[in-house]
Amino acid sequence: KLYRPRSDPLRRLPVLRMLAEPVERVAARAEALAALIAEAPVEVEVCATTAYAGGGALPMQGLASRALALRSDRLSADALARTLRTGATPVLGRIERDRVLLDLRTVQDAQLGALAQAVRNAI
């Protein structure tokens, strides 16, 4: 029933909303997060990336996305990723080219403040 057009599936199903969101909105969210942690002692860059929906019907279907790439002079990428995962607000990222990438496709606007605080706490 939730997938019927009259029920507005994009509004009611967060996964569909994330899959359908234009990359420009994801990029804007990444830029907003970068601004929120600008004072933290970490190198921050918004970068293009590819997100994947996971298994099921779309296991290899990539989606254009944007991520925040974090690099610290004080912590290795492994240590930063571990600190983010084990913090009071766990944050999952991935490591690429010695940076921790936080893909913003699955982050909601209302979560940016908590995510920024988690990153500041980890640094």
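Val46 and Leu101 fall into different hydrophobic clusters, where Ile, Leu, Val, Met, Phe, Trp and Tyr residues are linked whenever their side-chain heavy atoms come under 4.5 Å apart, directly or through other members. Under a hydrophobic-cluster definition in which Ile, Leu, Val, Met, Phe, Trp and Tyr are linked whenever side-chain heavy atoms come within less than 4.5 Å, directly or via other members, Leu36 and Val42 are assigned to the same cluster. Both Val44 and Val26 sit in one connected hydrophobic cluster of ILVMFWY residues. Membership requires side-chain heavy atoms under 4.5 Å apart, directly or through other members.
Nearest heavy-atom pair, Val100 versus Ala77, reported as atom, atom and distance to 0.1 Å: CG2-O, 3.4 Å. Closest of all the heavy-atom pairs between Ala118 and Leu84 is O-CD2, 4.0 Å.
With sequence neighbours left out, Leu75 forms a side chain to side chain contact (heavy atoms under 4.5 Å, CB included) with Ser72, Ala79, Leu80.
In this structure, the separation between CD1 on Ile37 and CD on Gln117 is 11.0 Å, given to the nearest 0.5 Å. How far CD1 of Ile95 is from CZ of Arg82: 8.5 Å, rounded to the nearest 0.5 Å. Rounding to the nearest 0.5 angstrom, the gap separating the CG atom in Asp98 from the CD atom in Glu96 is 12.0 Å.
Remark: the backbone N or O of Ala28 is not paired with any side-chain donor or acceptor of Arg66 at under 3.5 angstrom. Arg105 places no side-chain N or O within donor-acceptor distance of the main-chain N or O of Tyr52, the cut-off being under 3.5 Å. Using modelled atom types, one side-chain atom of Arg29 and one backbone atom of Leu104 make a donor-acceptor pair closer than 3.5 Å.
Counting heavy-atom neighbours within 6.0 Å of Arg25 CZ, excluding the residue itself, gives a total of 12 or less.
Side chains of Thr49 and Asp103: no donor on one and acceptor on the other come within 3.5 Å.
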